[in-house]
A.B. asks: 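First the structure, then my questions, so here it is.
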Amino acid sequence: MPERPSALAPFRLPTYRSLWLASIVSNFGGLVQAVGAGWMMTELTHSPGMVALVQASTTLPIMLFSLPSGALADSLNRRRIMLTAQVFMLAASAGLALAAFAGLLTPWLLLTFTFLIGVGVALHNPSWQASVGDIVPRADLPSAVALNSMGFNLMRSVGPALGGLIVAAGGAAAAFAINAASYIPLCLALFLWRPDYAPRRLPREALGSAVAAGLRYVSMSPVLLKVLFRGFLFGLAAVSLLALLPIVARDLVGGGAFTYGVLLGCFGFGAIGGALLGARLRERFRNETIVRGGFLGFAAALVALSLSRDLWLSGLVLLPAGASWVLSLSLFNVSVQLATPRWVVGRALALYQTATFGGMAAGSLVWGQAAEAGGVAQALAWAAGVLLIGALVGLRIPLPAFGMQDLDPLNRFVEPDLPVDLRLRSGPIVVTVEYDIAPANIEPFLAAMADRRRIRIRDGARQWVLLRDLERPGIWAESYHVATWADYLRHHERRTKADAEVTDRLLALHEGPGKPRVRRMIERQTVPLHDDLPLKPEELA
């Protein structure tokens with residue numbers, strides 16, 4: 001009987017352990033800052049919409065900038081990106097603290113600073129989440145993601161309450177100053193970390209091409225599209241709790257900054273419980289069952305919170321809300337990582353964050369306006385209704401089980417020794433692959449070609465077509481374009497071991513002598529008077 005994976009197994013690795021501990025300190029500062037910002041906005045304005053915008057200003061930049069950040073995470077040194085993001089957030093937090101101490105903050109200036117901090121988070125998160133898969137073995141990845149969530153929520157269980165005390169004792173400016181100092185340990189841990197990145201054989205993709213490749217990969221992956229859609233629905237509705245909790249503490253419970261911190265702390269305690277239970281629940285239940293329970297559990301908590309006027313009852317119902325939050329979001333995150341090869345994992349995670357935090361940003365605006373129009377209790381009840389719809393959606397679009405496919409590089413391709421002096425930037429390149437298919441095998445051949453088309457386009461092919469010879473109807477050819485020779489080599493580097501099954505099916509159906517014939521040609525849209533791709537010197541000898 002296989003040994004049950006330990007939820008704490010990633011802590012055996014010193015690198016993961018040091019970065020996790022440093023992140024704990026940074027998370028604490030961020031949560032203290034969130035309490036200070038949320039409560040200061042209630043002092044600067046009585047508008048529920050402006051209070052909800054504090055949450056939106058933090059999540060909106062994650063929606064806007066995560067995809068470019070994910071492309072950078074897949075193309076550049078992830079450690080340097082994270083270090084740059086941490087220094088940027090330290091500077092923004094220090095500026096916010098100085099403005100607060102000087103009494104210069106206005107509602108819109110506060111939102112500007114929180115937006116800038118959110119930009120730093122958007123830059124940091126794809127690189128950090130993609131790095132987890134580099135630090136820990138694949139078998140420990142679900143535990144590592146759950147531990148990251150648990151670490152954040154461990155601080156959420158005590159940080160907001162302490163943040164409420166700090167705000168009550170020293171004002172929001174003190175909370176902002178503590179947040180600025182909290183970035184220092186993580187900056188130091190990142191500075192000392194020396195990851196062993198594999199050398200790159202090909203030049204980096206341009207940012208625009210890298211972003212397009214990420215969008216193309218996700219759009220051709222049905223599993224990822226399901227995760228992104230469910231993540232958007234969950235973020236859209238569940239963020240109502242975080243966006244409106246300052247108003248709940250002030251108007252429904254009748255408390256102050258400390259009450260707000262206590263309520264956030266209860267939410268954090270529930271999230272810790274969800275993280276600790278995650279591994280056991282994943283053993284016993286399907287992913288869709290856990291996620292559907294997360295939607296329904298959060299919806300029930302919102303309804304109970306909208307009806308409660310007692311601090312302890314409100315804190316109690318926030319426990320299952322926190323557990324539902326971390327179980328759903330961590331399961332979405334792990335599903336993305338296990339369904340994505342390493343070359344594009346940063347962009348896939350970034351698109352997941354764009355969908356989820358885009359839903360949160362939109363939800364913060366929607367529920368803030370709903371609270372202004374009908375009151376905070378009614379807004380929470382409406383959000384619960386959206387979560388119920390999200391649970392029902394799972395009946396038609398269930399979340400799949402974790403991918404068990406081998407997404408390591410296939411490494412079957414051998415670069416041809418070309419007789420012409422081709423450069424990496426030369427192109428466009430046109431490739432055709434010819435097959436000889438018996439009439440009885442046409443239907444399975446077309447089924448395999450449908451999978452081949454998806455893989456080709458997913459990995460960067462353009463203008464893919466399937467051709468049939470009219471004079472020799474048993475001859476079929478697939479044809480596609482790539483922009484340059486470097487893109488052609490990169491296209492083959494992206495092929496995974498899981499894709500080999502489609503290739504093997506096609507080879508088994510081919511009846512001609514030898515393997516299918518591959519033609520690689522460079523496209524010329526004009527007829528040059530002189531050849532710009534001369535033969536190599538050895539060919540001229």
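On a predicted model such as this, the values are computed, not experimentally measured, just so you know. FYI, the numbering just counts along the sequence from 1.
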A.B. asks: Closer than 3.5 angstrom, by distance alone: can the side chain of Arg309 be matched with the main-chain N or O of Ser306 as a donor-acceptor pair?
C.D. replies: yes
A.B. asks: Could you check Ser335 against Leu399 for side-chain contact (heavy atoms from CB on, under 4.5 Å), going step by step and ending with a plain yes or no?
C.D. replies: CA-CA 9 Å; Ser335 296; Leu399 197 70; 4.2 Å; yes
A.B. asks: Going from CD1 on Ile457 to CZ on Arg452, what distance comes out if it is rounded to the nearest 0.5 angstrom?
C.D. replies: 12.0 Å
A.B. asks: If you round to the nearest 0.5 Å, how far is OG of Ser324 from CG of Leu319?
C.D. replies: 10.5 Å
A.B. asks: Check the pair Leu123 / Phe88 against side-chain contact (heavy atoms from CB on, under 4.5 Å), numbers first and verdict last.
C.D. replies: CA-CA 10 Å; Leu123 181 61; Phe88 177 82; 5.9 Å; no
A.B. asks: Salt bridge or not between Asp451 and Arg456? Use side-chain N to carboxylate O under 4.0 Å.
C.D. replies: no
A.B. asks: So which heavy atom on Gln353 is nearest to which on Pro126, and how close?
C.D. replies: OE1-CD, 4.1 Å
A.B. asks: With rounding to the nearest 0.5 Å, note down the distance linking OG1 in Thr354 to CZ in Phe65.
C.D. replies: 11.0 Å
A.B. asks: Let me check something: any side-chain donor-acceptor pairs from residues 367-393 under 3.5 Å, sequence neighbours excluded? List them with distances.
C.D. replies:
from   : atom 1 : to     : atom 2 : distance (Å)
Trp367 : NE1    : Leu236 : O      : 2.8
Glu372 : OE2    : Ser47  : OG     : 2.6
Glu372 : OE2    : Gly49  : N      : 2.8

A.B. asks: Would you sort out whether Asp499 and Arg494 count as a side-chain contact (heavy atoms from CB on, under 4.5 Å), showing the intermediate values?
C.D. replies: CA-CA 10 Å; Asp499 298 329; Arg494 292 170 176 172; over 6 Å; no
A.B. asks: Can you give me the closest heavy-atom contact between Val502 and Ala448, atom names plus distance?
C.D. replies: CG1-O, 3.7 Å
A.B. asks: Near Arg462 CZ, under 6.0 Å, is it more than 12 heavy atoms from other residues, nucleotides or ligands?
C.D. replies: no
A.B. asks: Compare all side-chain heavy atoms of Ser182 with those of Asn179 and state whether any distance is below 4.5 angstrom.
C.D. replies: yes
A.B. asks: Out of curiosity, Leu327 CG to Asn287 CG, how far, rounded to the nearest 0.5 Å?
C.D. replies: 11.0 Å
A.B. asks: Looking at Tyr183 and Leu90, what are the two nearest heavy atoms and their distance?
C.D. replies: CD1-CA, 3.6 Å
A.B. asks: Find the distance between CE (Met89) and CG (Leu96) and round it off to the nearest 0.5 Å.
C.D. replies: 14.0 Å
A.B. asks: Would you say the side chain of Ile178 lies within less than 4.5 Å of the side chain of Phe28, judging by non-hydrogen atoms?
C.D. replies: yes
A.B. asks: Looking at every heavy atom in both Ala172 and Met40, which two are closest together, and how far apart are they?
C.D. replies: CB-CE, 3.7 Å
A.B. asks: Within this structure, what is the CD1-CZ distance for the pair Ile166 and Phe176, rounded to the nearest 0.5 Å?
C.D. replies: 11.5 Å
A.B. asks: Are Leu67 and Leu215 side-chain neighbours, meaning at least one heavy-atom pair lies under 4.5 Å?
C.D. replies: yes
A.B. asks: Taking C-beta and beyond as the side chain, do Leu263 and Ser314 meet within less than 4.5 Å on heavy atoms?
C.D. replies: yes
A.B. asks: Looking at Gly120 and Ala85, what are the two nearest heavy atoms and their distance?
C.D. replies: O-CB, 3.5 Å
A.B. asks: Between Arg458 (side chain only) and Tyr217 (backbone N and O only), is there a donor and an acceptor less than 3.5 Å apart?
C.D. replies: no
A.B. asks: Any heavy-atom pair between the side chains of Val218 and Arg347 that's under 4.5 Å?
C.D. replies: no
A.B. asks: Quick check: do His124 and Gln86 have side-chain heavy atoms less than 4.5 Å from each other?
C.D. replies: yes
A.B. asks: Quick one: does Arg495's side chain have a donor or acceptor within less than 3.5 Å of a partner on Ile455's backbone?
C.D. replies: no
A.B. asks: Work out which heavy atom in Leu19 is nearest to a heavy atom in Leu186; give both atom names and the distance.
C.D. replies: O-CD1, 4.2 Å
A.B. asks: Looking only at atom types and distance, does a side-chain atom of Ser328 sit under 3.5 Å from a main-chain N or O of Trp325, one as donor and one as acceptor?
C.D. replies: no
A.B. asks: Begin from the C-alpha positions of Leu245 and Leu241 and carry the test side-chain contact (heavy atoms from CB on, under 4.5 Å) through to its verdict.
C.D. replies: CA-CA 6 Å; Leu245 200 56; Leu241 188 150; 4.3 Å; yes
A.B. asks: Within the structure provided, determine whether Gln33 and Thr114 are in side-chain contact (heavy-atom separation under 4.5 Å).
C.D. replies: yes
A.B. asks: For the side chain of Asn125 and the backbone of Ala122, is there at least one donor-acceptor N/O pair under 3.5 Å apart?
C.D. replies: no
A.B. asks: Give the table of side-chain donor-acceptor pairs shorter than 3.5 Å for residues 337-344, with sequence neighbours excluded, one pair per line with atom names and distance.
C.D. replies:
from   : atom 1 : to     : atom 2 : distance (Å)
Gln337 : NE2    : Gln129 : O      : 3.2
Gln337 : NE2    : Asn333 : OD1    : 3.2
Thr340 : OG1    : Val336 : O      : 2.6
Arg342 : NH2    : Ala130 : O      : 2.5
Arg342 : NH2    : Asp134 : OD1    : 3.1

A.B. asks: Could you tabulate the donor-acceptor pairs under 3.5 Å formed by side-chain atoms of residues 290-305, not counting sequence neighbours?
C.D. replies:
from   : atom 1 : to     : atom 2 : distance (Å)
Arg292 : NE     : Glu288 : OE2    : 3.2
Arg292 : NH2    : Glu288 : OE2    : 3.3

A.B. asks: Assign the ring pair Trp128 / Tyr16 to parallel, tilted or perpendicular, where the plane angle (0 to 90°) is split at 30° and 60°.
C.D. replies: parallel
A.B. asks: So Leu110 and Leu44, do their side chains get closer than 4.5 Å, heavy atoms only?
C.D. replies: yes
